[in-house]
Amino acid sequence: MVLHPVVIVFFTLDLMDFQTIRVQLAAVLRSSRAALRPCTSRHLVGRSYSSTESRPERKVAILGAAVGIGQPLALLLKLNPLISSLSLYDKANTPGVAADVSHINSRAQVARYAGEEQLVEALDGSDVVIIPARFPRKPGMTRDDLFKINAGIVKSLCTAIAKYCPNALVNMIRNPVNSTVPIAAEVFKKAGTFDERKLFGVTTLDVVRAKTFYAGKVKVLVAEVNVPVVGGRAGITILPIFSQASPKSSNLSDDDIKALTKRTRDGGTEVVEAKAGMGSATLSMAYAGVVFADACLEGVNGVPDIVECSFVQSSITDLPFFASKARLGKNGVEEVFGLGPLSDYEQHYNRVLKASSRSLKLL
């Protein structure tokens with residue numbers, strides 16, 4: 001019978017000293033993390049840390065830590081050794097989330113804040129601010145009603161960011177990202193603190209899905225896959241560029257590409273339907289949010305060649321904001337890359353995307 005290495009470690013407790021067990025278990029965990037490594041070479045579970053590695057103090061704030069995305073987001077961020085201080089904020093219910101997460105034996109010190117009167121302290125000194133905060137849709141409420149409420153929440157939170165941590169990198173998860181990012185930009189401009197390098201719409205979930213679906217189709221390890229996703233963060237504005245995927249595959253037909261594109265765009269609907277209306281893509285979104293936050297922290301810490309797709313201000317198209325590959329550095333975006341060569345199918349959808357450019361502009 002073949003036993004997993006972890007099982008072997010615990011079956012031999014009486015034969016080894018404690019230090020030997022720790023060494024073997026650490027090796028197993030490193031191997032597991034390497035197997036789970038996501039899209040780039042320097043991400044959350046793929047990085048190797050030494051016990052003596054010098055790490056700067058970094059504070060990350062989650063605004064909306066008690067909501068569906070916020071709780072798993074807090075859990076995953078607590079595990080990130082780049083974070084020394086994790087600030088959990090919401091209008092209510094943060095004490096329980098913070099108490100639960102704070103028991104995890106990892107580096108980040110957890111602090112919880114509730115209510116507008118504590119928002120100042122929650123934000124003060126933050127290097128990265130992540131916004132998953134939202135107001136849930138209630139019976140009888142139209143989508144326009146919901147958008148107005150959530151737009152008001154984004155405006156209020158960004159007004160506070162402009163006052164209390166104007167130099168932080170802002171990761172906008174709150175949908176619709178195509179609209180909430182321009183809203184945030186206008187708030188920062190009005191406050192005189194807008195820095196286009198430091199405002200991001202988190203589109204990483206589209207990238208995560210594209211990589212997962214591509215790897216499954218072409219039968220390669222997902223850890224080896226890279227697929228850029230450009231455009232926006234909703235429906236037809238999402239354009240995965242499978243012609244630039246690596247490793248390349250010559251076995252994909254046009255119909256395969258169309259099916260992969262559609263599944264990437266409809267990933268959220270797939271989850272909602274699978275949950276039978278009892279929830280949305282909170283877990284995968286939290287994971288994607290952590291992957292992007294980790295990339296931001298690495299950039300701030302001076303790690304070179306950190307490239308991620310994100311919905312940022314750029315001039316590569318005639319749209320003010322566009323999801324593109326961007327190199328991240330100490331001050332946020334260092335370089336926004338062009339689209340590169342596109343297939344005929346991708347060129348067609350790029351034209352469609354431009355024709356529906358109002359979907360990517362401030363409502």
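Given the structure is predicted, the values throughout are model-derived calculations rather than measurements. All values below were derived from every heavy atom in this structure, side-chain atoms included, with hydrogens, water molecules and symmetry-related copies excluded.
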N/O donor-acceptor pair under 3.5 Å between N178 side chain and G232 backbone: no
Close side-chain approach of I104 and L79, heavy atoms under 4.5 Å: yes
Between T269 and D266, a side-chain donor and acceptor under 3.5 Å: no
T94 (side chain) donor-acceptor with R112 (main chain) under 3.5 angstrom: no
Minimal non-hydrogen separation, L239 against E346, with atom names: CD2-O, 3.9 Å
Partner of V290 by side chain to side chain contact (heavy atoms under 4.5 Å, CB included), out of T204, L77, V60: L77
Minimum side-chain heavy-atom gap L339-F322 below 4.5 Å: yes
Side-chain heavy atoms of M172 within contact of C158, under 4.5 Å: yes
Donor-acceptor side-chain pairing of N301 and R55 below 3.5 angstrom: no
Backbone of E308 reached by a side-chain donor or acceptor of K325 within 3.5 Å: no
R263 charged N/C atom sitting above F213 aromatic ring, 6.0 Å / 45°: yes
Heavy-atom side-chain proximity of E196 to V333 below 4.5 angstrom: no
Side-chain (T180) to main-chain (R174) donor-acceptor, under 3.5 angstrom: yes
Backbone of A234 reached by a side-chain donor or acceptor of T237 within 3.5 Å: yes
Min side-chain heavy-atom separation K190-T159 under 4.5 Å: no
Side-chain donor or acceptor of S310 paired with backbone N/O of G201 under 3.5 Å: yes
Side chains of V208 and D206 in contact at under 4.5 Å (non-hydrogen atoms): no
I83 and N80, any side-chain heavy atoms less than 4.5 Å apart: yes
Ion pair D127/K59, N-O distance below 4.0 Å: no
Note, L63 side chain near I161 side chain (heavy atom, < 4.5 Å): yes
T317 (side chain) donor-acceptor with L319 (main chain) under 3.5 angstrom: yes
Pairing residues for E57 by the salt bridge (Lys or Arg N to Asp or Glu O under 4.0 Å) criterion, not counting sequence neighbours: R107
